[in-house]
Amino acid sequence: MALSRRAREMAAEIRGHDWKDAPYRMDRAGHQRRHDTSKRSEKELTANETESVRTNVAWVAAQCLGYEDPNFDVVEFMRACGVERLSNSSLQYGVRRLADGSFDEPGSVN
């Protein structure tokens, strides 16, 4: 199943963002450290930490997209975001679902 235009655009933004120094700065969308000048962060996450940040951001977006579109494919979206290290079943468990399998409403975290 093909992702919606909205999902493809969100995935491209998540994939294209430089997450290596995400906890140490507030920057614009599509941040790339190679374009930084004097405010370049000296701190940098490890590859595993960077992947964790990207994965969590993608899961948050997936929760919203899945609630909006009952045919949304979490795995396809996560892969499009650049999340490669987790199994398909692990990617599925990163979003909240109701007993009937539908996506839980965004913001209903208990």
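Remark: Arg54 CZ to Ile14 CD1 distance equals 9.5 Å, nearest 0.5 Å. Taking CZ from Arg8 and CD from Glu76, the interatomic distance works out to 9.5 Å, rounded to the nearest 0.5 Å. Atom CH2 of Trp59 sits about 11.0 Å away from atom CD of Gln92, to the nearest 0.5 Å. With rounding to the nearest 0.5 angstrom, the CZ atom of Arg97 is 8.5 Å from the CD atom of Gln63.
The closest side-chain donor-acceptor pair between Ser102 and Asp100 falls under 3.5 angstrom.
Looking at residues two or more places apart in sequence or on another chain, you find a side chain to side chain donor-acceptor pair (under 3.5 Å) between Asn88 and Arg79. Partners of Ala7 by side-chain contact (heavy atoms from CB on, under 4.5 Å), not counting sequence neighbours, listed by chain and number: Leu3, Ser4, Leu65, Phe72, Phe77. Under the rule for a side chain to side chain donor-acceptor pair (under 3.5 Å), Thr50 has no partner lying at least two apart in sequence or in another chain. Partners of Glu49 according to the salt bridge (charged side-chain N to carboxylate O under 4.0 Å, His left out) rule, which considers only residues two or more places apart in sequence or in another chain, do not exist here. By the side-chain contact (heavy atoms from CB on, under 4.5 Å) test, Glu105 pairs with Tyr67, Ser108, sequence neighbours left out. Residues passing the salt bridge (charged side-chain N to carboxylate O under 4.0 Å, His left out) test with Glu68, sequence neighbours excluded: Arg6.
Shown here for Glu84 and Glu51, the closest heavy-atom pair between the two residues is N-OE2, 3.4 Å. Of all the heavy atoms in Val83 and Ala58, the pair that sits closest is CG2-CB, 4.4 Å. Annotation for Cys81 and Ala11: closest pair SG-CA, 3.6 Å, computed over non-hydrogen atoms.
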Side chain to side chain contact (heavy atoms under 4.5 Å, CB included) assessment of Val74 paired with Phe103: CA-CA 11 Å; Val74 174; Phe103 286 82; 3.5 Å; yes
Stepwise side chain to side chain contact (heavy atoms under 4.5 Å, CB included) check, Arg85 with Asn48: CA-CA 9 Å; Arg85 295 183 182 178; Asn48 285 337; 2.3 Å; yes
